[in-house]
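One structure is given here, and the rest of the page talks about it.
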Amino acid sequence: MIRKLLLLMIVVVGLGVAALGVLAWKQYASLEQPLALEEDRLLEVMPGDTPGGIFKRLEAEGLLDDAFSLRLYWRLNLSGQTLHSGEYQLRPGMTVREMIGLWQRAEVVQYTLTLVEGWNFRQLRAALAAQPRLKQTLQGLSDREIMAQLGQPDLHPEGSFFPDTYSYTRSVSDLDLLKRAYARLEKVLAEEWENRAEGLPYADPYQALIMASIIEKETGVPHERGEISGVFVRRLKLGMLLQTDPTVIYGLGEQYQGRITRAHLRQPTPYNTYTTAGLPPTPIAMVGREAIHAALHPKEGTSLYFVARGDGSHVFSDNLADHNRAVREYQLNRRADYRSSPAPQPKPVESEAAQ
């Protein structure tokens with residue numbers, strides 16, 4: 001009797017070992033099978049998706065076999081692993097094991113969007129709306145409603161976001177990206193304000209941001225930013241009007257059609273620095289760190305005027321007589337390829353790169 005029981009136990013154990021061997025072999029074969037792909041494709045994993053569900057989906061699409069063994073493998077070996085949502089780049093020849101490796105590393109496809117210095121909020125909103133892979137949540141909302149979602153319902157949106165290149169995944173929303181750009185601007189402005197020069201005519205960091213936006217729109221020539229800042233700071237201290245065209249243009253809004261006139265310079269708006277003393281009420285564009293730094297570190301000197309040469313740079317003058325001579329030379333007899341700022345860069349587009 002004992003021999004029969006021992007024999008039965010040996011047989012059962014042997015069958016169990018054999019079954020485990022078969023199961024291990026099936027799992028190995030399932031993991032090493034190449035995905036049935038003829039070209040690259042993106043695998044989208046939505047929040048709430050499970051590995052088992054994705055294996056079943058891919059099996060139904062004919063991209064892999066034996067989803068059951070793969071589900072069991074994940075449950076036995078990777079049950080504590082988080083499956084991050086996003087898009088995963090699948091390529092011909094990739095094995096299931098390699099695909100799972102992407103999931104383990106959360107190697108989702110990253111897209112990028114560049115926000116450009118000098119853009120206004122309308123341009124920023126258009127750039128966000130043009131990104132098909134961003135989750136669109138802001139369409140139809142007013143500017144104030146958008147700022148309310150950022151916790152700042154009374155803050156004017158202009159200049160409140162930092163121009164930079166931002167990476168994002170398929171699951172990210174336009175509001176998420178705006179929050180990052182807002183937080184980044186706050187951080188940079190605080191850092192620069194902490195290390196500002198002494199004796200500046202700004203009551204708070206926001207006024208420095210307003211000045212930085214004017215500098216941003218006046219020039220893109222790096223070495224000129226500090227000098228232009230110096231002109232405007234000296235004018236503020238002397239009680240002179242700033243008389244800067246970009247603020248006038250901003251105040252005109254859609255009335256501006258590409259050419260500023262004498263009538264525009266006389267038209268009263270809160271942003272017309274030819275008729276209103278001091279800084280305008282808000283920034284007029286997004287600003288980079290360099291413009292903020294220039295606003296907080298104006299170059300010392302005596303110049304009170306400047307005029308565009310037509311190649312993107314400016315001529316600086318200490319007095320009105322010299323300034324008028326420069327205006328006659330560079331403004332009244334403009335070159336054919338005249339421009340008041342450096343040549344524009346191509347508009348950035350969304351790009352992608354697997355991370």
Side-chain angles (χ1 to χ4, degrees), residues 27 30-31 33 35-37 39-92 94-115 124-141 145-152 161-162 164-184 186 349-355:
Q27 287 187 352
S30 298
L31 289 168
Q33 65 176 309
L35 297 171
L37 291 172
E39 58 184 15
D40 289 2
R41 67 161 284 181
L42 293 176
L43 171 65
E44 185 172 3
V45 175
M46 302 295 292
D49 280 350
T50 64
I54 296 173
F55 289 138
K56 289 179 65 176
R57 187 209 312 173
L58 295 178
E59 183 179 53
E61 294 178 15
L63 297 183
L64 56 78
D65 295 323
D66 201 3
F68 174 79
S69 293
L70 294 170
R71 292 163 62 193
L72 186 59
Y73 170 81
W74 186 279
R75 183 172 300 177
L76 293 175
N77 298 278
L78 301 170
S79 60
Q81 176 75 45
T82 300
L83 180 60
H84 293 269
S85 60
E87 293 174 309
Y88 294 85
Q89 183 74 56
L90 306 183
R91 294 184 170 86
M94 176 181 287
T95 66
V96 173
R97 187 187 298 276
E98 290 171 332
M99 178 182 71
I100 291 175
L102 295 180
W103 299 354
Q104 290 179 279
R105 298 188 300 273
E107 199 168 303
V108 294
V109 174
Q110 299 276 344
Y111 300 95
T112 61
L113 173 62
T114 300
L115 307 182
L124 170 55
R125 291 193 62 172
L128 292 172
Q131 309 309 308
R133 294 171 180 83
L134 268 181
K135 182 180 179 183
Q136 300 293 330
T137 66
L138 303 179
Q139 293 180 1
L141 298 183
E145 289 171 331
I146 291 175
M147 296 307 293
Q149 294 205 29
L150 294 172
Q152 300 290 340
F161 305 94
F162 191 73
D164 204 350
T165 297
Y166 295 89
S167 298
Y168 65 93
T169 63
R170 180 91 180 205
S171 59
V172 169
S173 73
D174 46 8
L175 182 61
D176 293 330
L177 198 148
L178 267 189
K179 288 179 178 178
R180 289 167 57 194
Y182 176 79
R184 179 90 170 108
E186 290 286 287
V349 298
E350 180 190 62
S351 61
E352 66 179 77
Q355 296 291 316

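The first residue in the sequence is number 1, and the count goes up from there.
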Counting C-beta onward and ignoring hydrogens, is there a side-chain heavy-atom pair between [X] and [Y] closer than 4.5 Å?
X: W103; Y: H84; result: no
X: V172; Y: R133; result: no
X: V109; Y: R170; result: no
X: D164; Y: L115; result: no
X: L35; Y: V96; result: yes
X: T169; Y: Y111; result: no
X: L150; Y: M147; result: yes
X: F161; Y: R184; result: no

Where do [X] and [Y] come nearest, in terms of heavy atoms and distance?
X: L102; Y: Q89; value: CD1-O, 3.5 Å
X: Q104; Y: L78; value: NE2-CD2, 3.4 Å
X: G62; Y: A36; value: O-CB, 3.4 Å
X: L90; Y: M94; value: CD2-SD, 3.8 Å
X: Q110; Y: S167; value: OE1-CB, 3.7 Å

Checklist entry - Of all residues at least two apart in sequence or in a different chain, which pass the ring-ring contact (aromatic ring centres under 6.0 Å, His included) check with F162? => result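 F162 satisfies ring-ring contact (aromatic ring centres under 6.0 Å, His included) with no other residue.
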Exam field: side chain [X] to backbone [Y], donor-acceptor pair closer than 3.5 Å:
X: E107; Y: M99; result: no
X: E39; Y: P92; result: no
X: D174; Y: T137; result: yes
X: R91; Y: L37; result: no
X: D66; Y: S30; result: no
X: Q149; Y: I146; result: no

Please list every donor-acceptor pair under 3.5 Å in which a side-chain atom of residues 41-55 meets a protein atom from a residue at least two apart or in another chain.
residue: R41; atom: NH1; partner: E61; partner atom: OE1; Å: 2.8
residue: D49; atom: OD2; partner: M46; partner atom: N; Å: 2.8
residue: D49; atom: OD2; partner: R57; partner atom: NH2; Å: 3.4
residue: T50; atom: OG1; partner: G53; partner atom: N; Å: 3.1

Next on the checklist: Is it the case that the side chains of T165 and T112 hold a donor-acceptor pair, with the cut-off being a distance below 3.5 Å and no angle test?
Outcome noted: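 Looking only at side-chain atoms, T165 and T112 do not form any donor-acceptor pair under 3.5 Å.
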